Amino acid sequence: MKVLIVGGGGREHALTWKINQSPYINELFVAPGNAGISKIAKTVDIDAEDIRCLASFAERNSIDLTIVGPEIPLANGIVDSFSKRGLNVFGPSQKAAKIESSKVFSKEFMYKFHIPTASFLVFSDAEEAIHFLEEKDFPIVIKTDGLAGGKGSVVAHNIDEARDAVVHMMIERTWGDAGKRVIIEEFLEGVEASVLAITDGENLIPFQPSQDYKRALDGNEGSNTGGMGAIAPHPKIDEQLLNEIVNNILKPTVDGLRYMGTPFKGILYAGIMLTKNGPKVLEFNCRFGDPETQVIFPIMKSDLLELILYALEGRILEADIEWNNKKAVCVVIASGGYPKRYRKGYTIEGLNNLDKAIKDKALIFHAGTARRGNAIITNGGRVLNVVGLGNTYKLATENSYATVNRIDFEKVFYRSDIASEYV
Ligand code: AMP
Ligand code: GLY
């Protein structure tokens with residue numbers, strides 16, 4: 001098969017690495033890809049959000065299947081456009097993708113279908129939102145309705161932080177129209193989990209649950225980011241709890257979306273808080289997680305492409321996912337200033353022959369990287385993902401940080417406490 005993967009981050013490098021192992025693959029293209037992806041697939045210089053150009057490329061090159069990584073093209077209807085042109089594509093339609101692209105839609109959907117989540121209110125007026133917050137206890141959570149690259153949720157600890165969040169979102173419009181409406185919701189306490197499943201719109205199979213480290217700094221301090229590290233399997237989720245999450249959260253979501261006439265085909269990702277009153281949804285995403293994907297695929301034995309083909313044919317229950325016994329710990333290496341302002345173009349040292357040196361112990365998935373002559377340079381906020389593997393969380397973590405220590409560039413920064421609570 002000829003496959004096109006859309007995207008160019010760490011998630012797409014992990015996807016490319018995994019899909020490339022499938023016996024069905026004849027040719028693999030990635031648009032736009034990055035410096036790491038270009039070593040294992042053909043990169044195509046088309047932006048992940050340029051739906052029309054991507055579809056023309058797929059037509060011209062007789063692509064058999066397109067797999068979409070990021071949320072923005074999904075939210076903008078890439079699946080609808082490709083399908084209209086008779087192109088085979090894996091992911092949810094624009095309407096089904098609303099489960100991620102509108103938090104107001106997602107919260108109202110959860111309320112309607114009795115899916116456990118934090119209690120909430122929707123505001124479209126900044127003054128009203130601030131007035132409401134003045135009467136409330138803290139912490140409290142404020143979220144933009146629309147997409148904000150994982151940075152549109154603020155846990156406010158006092159009225160000043162809460163007011164600032166509303167001003168940024170609704171008045172200054174830091175996230176554009178995403179901040180036209182906000183959700184204010186109850187703060188949930190517990191351990192977070194990312195539970196992803198592959199679904200054909202009717203049935204689903206869950207992947208191994210994982211844990212994402214969203215805050216920028218050690219000790220879960222600092223602002224929310226797209227994710228600074230991840231581990232899988234999730235140490236706190238056993239088979240019974242996973243079944244509970246599947247039956248009370250994932251299945252009712254797939255059923256609800258089908259009932260509403262917008263069946264969801266693709267990867268459904270539930271961001272969950274494991275509270276003392278059971279698992280509750282923080283958010284849904286309509287795609288693979290980043291960096292969760294980087295820890296899920298290295299422990300998955302099954303052929304991902306085959307799973308996707310089953311899902312596309314509406315036969316996901318005939319598929320089976322097998323896992324190895326390894327633990328995976330991902331440390332994200334970022335560029336100083338991320339998730340706010342950072343510079344690009346720093347030369348990355350230490351990558352030469354590193355893959356061979358760390359064989360079987362760790363994997364490197366590139367995120368924001370590019371080539372400049374023979375050098376590899378930083379080209380984004382999250383630059384590299386180092387995934388340590390081992391039979392225990394301790395070994396996987398040691399393998400990850402031993403590799404991280406071999407890599408350097410100006411203003412390099414990463415969290416030093418990923419998985420530390422489990423080793
Ligand atoms: P979201 O964009 O909704 O996934 O939120 C991003 C992050 O903010 C989550 O991963 C949590 O760490 C935190 N968060 C979001 N909602 C809540 C909540 N209701 N209670 C506590 N923390 C939350
Ligand atoms: N790691 C969070 C996300 O993919 O949205």
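Each ligand, and each atom within it, is numbered from 1 in the order the structure gives. Just so you know, these numbers come straight off a predicted model, no measurement behind them.
Identified under the ring-ring contact (aromatic ring centres under 6.0 Å, His included) test for residues 389-423, with sequence neighbours left out: none. Note on residues 117-126: pairs passing side-chain hydrogen bond (donor to acceptor under 3.5 Å, both in side chains), not counting sequence neighbours, are Lys107-Thr117, Ser119-Glu186.
In the vicinity of Phe187, heavy-atom distances shorter than 4.0 Å reach the ligand 1 atoms 20 (N), 21 (C). Distances below 4.0 Å separate heavy atoms of Glu185 from the following atoms of ligand 1: 16 (N), 17 (C), 18 (C), 19 (N). For ligand 1 and Ser153, the ligand atoms under 4.0 Å from any heavy atom of the residue are 1 (P), 2 (O), 3 (O), 5 (O), 6 (C).
Note: Phe297 and Phe288 meet the aromatic proximity criterion, with ring centroids under 6.0 Å apart. Phe284 has its ring centre no less than 6.0 Å from the ring centre of Tyr269.
By heavy-atom distance, the residue among Thr275, Leu282, Asn224 lying nearest atom 7 (C) of ligand 1 is Asn224. Nearest residue to atom 15 (C) of ligand 1 from Lys143, Glu192, Glu283, Lys280 is Lys143 (criterion: closest heavy atom).
Between the side chains of Asp303 and Ser22, at least one donor N or O sits under 3.5 Å from an acceptor N or O. Between Ser416 and Asp218, the side chains place a donor N or O and an acceptor N or O closer than 3.5 Å (distance only, hydrogens not considered). In this structure, a donor-acceptor pair under 3.5 Å is present between the side chains of Asn220 and Arg415.
A search for ring pair (Phe, Tyr, Trp, His ring centres under 6.0 Å) contacts involving Phe365 returns His13, Trp17, not counting sequence neighbours.
At the top of the distance list for atom 22 (N) of ligand 1, counting protein heavy atoms only, stands Met273 CE, 3.9 Å. The protein atom (non-hydrogen) at minimum distance from atom 13 (C) of ligand 1 is Val155 CG2, 4.1 Å. Counting only heavy atoms of the protein, atom 20 (N) of ligand 1 lies nearest to Leu188 N, 2.8 Å.
Between Glu189 and ligand 1 there is no heavy-atom distance shorter than 4.0 Å.
Not one N or O of Val141 is nearer than 3.5 Å to an N or O of ligand 1, by distance alone.
Within 4.0 Å of ligand 2, contacts by protein heavy atoms are made from Asp212, Lys214, Gly226, Tyr269, Asn285, Arg287, Gly289, Asp290, Pro291, Glu292.
The line from OG of Ser194 to NE2 of His234 is 7.5 Å long, rounded to the nearest 0.5 Å.
Between Lys103 and Glu283, at least one side-chain N (NZ, or NE/NH1/NH2) sits under 4.0 Å from a carboxylate O, which counts as a salt bridge.
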**Request:** Begin with the C-alpha distance, continue with both residues' side-chain angles, and end with the deciding distance and a verdict on side-chain hydrogen bond (donor to acceptor under 3.5 Å, both in side chains) for Gln294 and Asn385.
**Result:** CA-CA 8 Å; Gln294 290 86 308; Asn385 302 264; 3.1 Å; yes
